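Working notes, structure below.
In this text, all values refer to a predicted model and were calculated from it rather than measured experimentally. Order of listing sets the numbers, starting from 1, for every ligand and every atom in it.
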Amino acid sequence: MLNIEQVAACGVVPVVVLEDAEQAVPTAKALLAGGINAMEITFRTAAAKDSIAKVAKEVPEMIVGAGTVINVDQLHDALDAGAKFIVSPGTSEEVIAEAVKLNVPVAPGVVTPSEIMIGLKYGLKVFKFFPAESYGGLKTIKALCGPFPQIRFIPTGGINQNNAEEYFKNPKIVAVGGSWMVTKDMVVAGDFAGITEKSAAATALFKQIRG
Ligand code: 3PG
């Protein structure tokens with residue numbers, strides 16, 4: 001069983017929004033070609049479940065997870081489709097409890113100590129910090145690490161190639177999440193070469209800093 005740290009080992013977790021499940025496999029392959037081997041397909045569109053199923057079946061090297069999971073029904077749908085991990089924008093105790101019960105890696109979104117304390121109750125060690133830049137970025141993460149030295153973060157929201165470096169330099173950061181390497185526009189335009197290029201730049205930056 002993977003944990004979230006292993007899922008995010010390449011340093012970048014792409015937040016992928018797909019309107020058409022037919023785009024899922026080429027998007028996954030484009031990310032893989034850029035060195036990203038885990039992707040979060042968000043439950044923001046009707047195509048999410050089919051997209052996860054296609055990637056799980058057709059691109060086995062890709063660790064496909066479900067993002068924007070805000071309730072237990074979505075969690076079950078995601079797992080039925082083959083999702084290997086769950087990401088949520090916020091802290092739903094039901095979602096966390098169900099994922100932990102089913103032994104599925106889960107990264108809930110947090111910005112406050114109280115939200116972190118809910119995750120700690122379930123033994124979680126890695127949290128999504130969302131929306132990262134709006135909630136004070138690294139400065140807030142450092143402050144949260146005072147009372148909670150045992151946890152690490154995947155900051156997401158407002159991060160891109162230009163500001164990822166400061167996050168990568170901090171050991172409390174497992175990886176950063178974001179959509180800059182796989183924007184909706186790139187997917188709709190079929191710009192898979194562009195997705196690979198931006199993914200490769202992001203993973204190269206992570207490797208350069210973390211070795
Ligand atoms: C999101 O939920 O849209 C993600 O956090 C991505 O944020 P970004 O588009 O700012 O990278």
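Atoms CE and NZ, from M186 and K198 in turn, are 5.5 Å apart once rounded to the nearest 0.5 Å. Interatomic distance, CD of E165 versus CG of N163, reported as 10.0 Å (0.5 Å rounding).
Counting only heavy atoms of the protein, atom 4 (C) of ligand 1 lies nearest to T156 CG2, 3.7 Å. Annotation: atom 1 (C) of ligand 1 to nearest protein heavy atom, R44 NH2, 3.1 Å. For atom 8 (P) of ligand 1, the closest non-hydrogen atom on the protein side is S179 OG, 3.5 Å. Here the protein heavy atom with the shortest distance to atom 7 (O) of ligand 1 is G157 CA, 3.6 Å.
By the 6.0 Å contact criterion, NZ on K172 is enclosed, its count of non-hydrogen atoms from other residues, nucleotides or ligands being greater than 12.
Screening V182, T183, V188 for a side chain to side chain contact (heavy atoms under 4.5 Å, CB included) with D185, the sole residue that qualifies is T183. The side chain to side chain contact (heavy atoms under 4.5 Å, CB included) test with Y167 is passed by exactly one of I154, I159, I209: I159.
On a distance-only criterion, G158 and ligand 1 share at least one N/O pair closer than 3.5 Å.
Ligand 1 does not have G177 within reach: every non-hydrogen atom of the residue lies 4.0 Å or more from it.
For ligand 1, the atoms sitting less than 4.0 Å from at least one non-hydrogen atom of G178 are 11 (O), numbered in the order shown with element in parentheses.
Under the 4.0 Å criterion applied to side-chain N and carboxylate O atoms, K101 and E98 are assigned as salt-bridge partners.
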